[in-house]
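Data first, discussion second: the structure below is written as structure tokens.
Just so you know, ligand 1 is whichever comes first in the structure, and atom 1 is the first atom listed for that ligand. Every value quoted in this text rests on a predicted model; they were computed, and no experiment measured them.
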Amino acid sequence: MEQRKRYNEFSDFLKGIFPFKVQKISIDAGFTCPNRDGTKGSGGCTYCNNQTFSPLYCQVKEPVPIQLTEGISFFSRKYPEMRYLAYFQAYTNTYGELQELKKKYEEALSFPGVEGIIIGTRPDCMPDELLDYFEAISREKFVMIEYGVESTLDGTLQRINRGHSMADSEAAISRTADRGIYTGVHMILGLPGESREEILQHAEKLSLLPIHTIKLHQLQLIRHTRMAREYADNPEQFRLYSVDEYVDLAIDFIERLNPSMVIERFISQSPKELLIAPDWGIKNYEFTAKIKKRLIERDTYQGRLFTDH
Ligand code: SF4
């Protein structure tokens with residue numbers, strides 16, 4: 001078994017911060033999305049069906065402490081020593097009245113065993129007052145903001161109705177990282193209209209930004225979304241990858257990635273009943289094993305092709 005790490009793994013990143021094991025607990029705090037209610041846009045991103053975000057234990061929007069109790073009891077039976085990060089995942093978790101937002105974060109931060117929070121949000125939805133708050137909290141607890149960047153191309157962002165630009169993403173990332181707050185991004189590989197070269201250029205552009213962690217997801221076509229209808233009408237406009245093709249695409253991507261960045265995941269798994277394609281039927285850890293095997297076969301590693309200009 002090869003000992004050398006060929007990319008920066010999220011578990012090692014957490015081990016470098018915490019002297020104990022930590023587990024993320026997903027929370028649906030009942031927030032909404034400004035790209036659905038007309039504030040930033042309407043109709044939402046063309047690929048989004050928010051039912052795909054939440055594991056079973058947080059589908060009903062119970063209060064944050066109840067969701068944490070349920071999530072934690074799921075893990076603590078097996079690992080009594082485990083500590084937790086509350087992951088505000090569904091919709092836009094910085095969209096709302098400041099006091100209401102803080103109340104929900106604090107319910108999580110004060111919950112026994114919770115060591116910090118991870119906040120998933122949009123790059124155009126991070127007011128300075130909230131960053132002031134996160135900066136203050138981050139001196140005591142772990143705080144990470146995870147921005148849905150998805151693509152670095154404005155043409156793609158318009159096509160998928162994201163309602164924000166790449167300039168918004170760059171500004172949000174820099175404003176957050178400048179405060180000393182852990183800053184993560186989420187990207188979708190294989191959005192319609194993007195060539196392989198354009199996908200790989202995302203890695204080069206992101207590598208010049210102060211990003212700590214990155215999550216990659218393959219494009220998935222989800223039932224009851226606008227993109228599903230586009231796919232039914234014009235399937236030739238979509239390039240869906242096989243597992244092995246995507247393994248090589250993801251490796252090509254991380255070869256160009258800044259070697260300081262931490263890679264949290266390579267794929268996502270939407271519930272089978274909502275997924276139209278591609279139906280890989282592969283678990284996250286199985287995919288990660290494929291990536292590691294292929295990195296050895298290709299004798300390559302994260303950042304091999306990275307240049308800082
Ligand atoms: S992906 Fe996020 S920003 Fe886009 S519509 Fe869904 S919840 Fe809103």
Side-chain angles (χ1 to χ4, degrees), residues 24 26-55 58-61 64 67 86-97 100-101 104-105 117-127 130 144-173 176 183-194 202 213-231 238 264-265 267-271 274-277:
K24 283 163 60 169
S26 289
I27 294 192
D28 182 343
F31 296 128
T32 56
C33 168
N35 199 24
R36 287 174 169 261
D37 69 7
T39 306
K40 301 279 183 188
S42 55
C45 307
T46 60
Y47 56 84
C48 175
N49 171 335
N50 216 258
Q51 286 173 48
T52 58
F53 282 18
S54 307
C58 65
Q59 273 189 0
V60 181
K61 286 173 203 117
V64 168
Q67 292 184 41
Y87 178 26
F88 288 79
Q89 183 179 19
Y91 286 93
T92 303
N93 292 285
T94 55
Y95 181 52
E97 290 295 319
E100 181 62 14
L101 294 170
K104 296 208 170 163
Y105 304 146
I117 50 176
I118 301 175
I119 309 288
T121 193
R122 294 167 52 86
D124 58 355
C125 209
M126 185 55 83
L130 206 47
M144 177 181 278
I145 311 298
E146 187 180 286
Y147 289 112
V149 171
E150 318 310 356
S151 172
T152 65
L153 291 173
D154 283 341
T156 305
L157 294 171
Q158 277 166 17
R159 179 170 179 168
I160 62 174
N161 198 39
R162 274 294 293 175
H164 67 77
S165 65
M166 182 55 193
D168 291 327
S169 297
E170 288 169 347
I173 290 164
T176 307
T183 306
V185 297
H186 179 280
M187 294 294 291
I188 301 175
L189 303 192
L191 285 166
E194 293 195 346
H202 296 326
T213 65
I214 183 167
K215 278 180 174 170
L216 306 179
H217 282 185
Q218 79 280 28
L219 177 68
Q220 296 184 100
L221 296 167
I222 305 297
R223 289 188 205 289
H224 317 304
T225 61
R226 202 162 0 142
M227 196 177 276
R229 288 199 299 279
E230 288 172 12
Y231 177 64
F238 290 78
E264 185 171 350
R265 27 184 334 136
I267 61 167
S268 63
Q269 301 150 275
S270 296
L274 289 175
L275 182 64
I276 298 170

Does any N, O or S atom of C45, backbone or side chain, fall under 2.8 Å from atom 4 (Fe) of ligand 1?
-> yes

Can you list the ligand 1 atoms lying under 4.0 Å from a non-hydrogen atom of Y91?
-> 7 (S)

Counting each atom of ligand 1 from 1 as listed, which ones have a heavy atom of G44 under 4.0 Å away?
-> 5 (S)

For R122, the atoms of ligand 1 under 4.0 Å from one of its heavy atoms are 3 (S)

Does the side chain of Y231 pick up a donor-acceptor pair with the side chain of R226 at under 3.5 Å?
-> no

Cation-pi, F31 ring and K104 (6.0 angstrom, 45 degrees) | yes

Which of the numbered atoms in ligand 1 are below 4.0 angstrom from a heavy atom of R162?
-> 1 (S), 3 (S), 4 (Fe)

Out of R265, E146, K215, E150, which one pairs with H186 under the side chain to side chain donor-acceptor pair (under 3.5 Å) rule?
-> E150

Can you check side-chain hydrogen bond (donor to acceptor under 3.5 Å, both in side chains) on T121 and Y91, steps first, answer last?
-> CA-CA 7 Å; T121 193; Y91 286 93; over 6 Å; no

Could you pull out, from C48, G120, A90, C125, the option with a heavy atom nearest to atom 6 (Fe) of ligand 1?
-> C48

Going through the checks in order, is the side chain to side chain contact (heavy atoms under 4.5 Å, CB included) test met by M227 and L191?
-> CA-CA 10 Å; M227 196 177 276; L191 285 166; 4.3 Å; yes

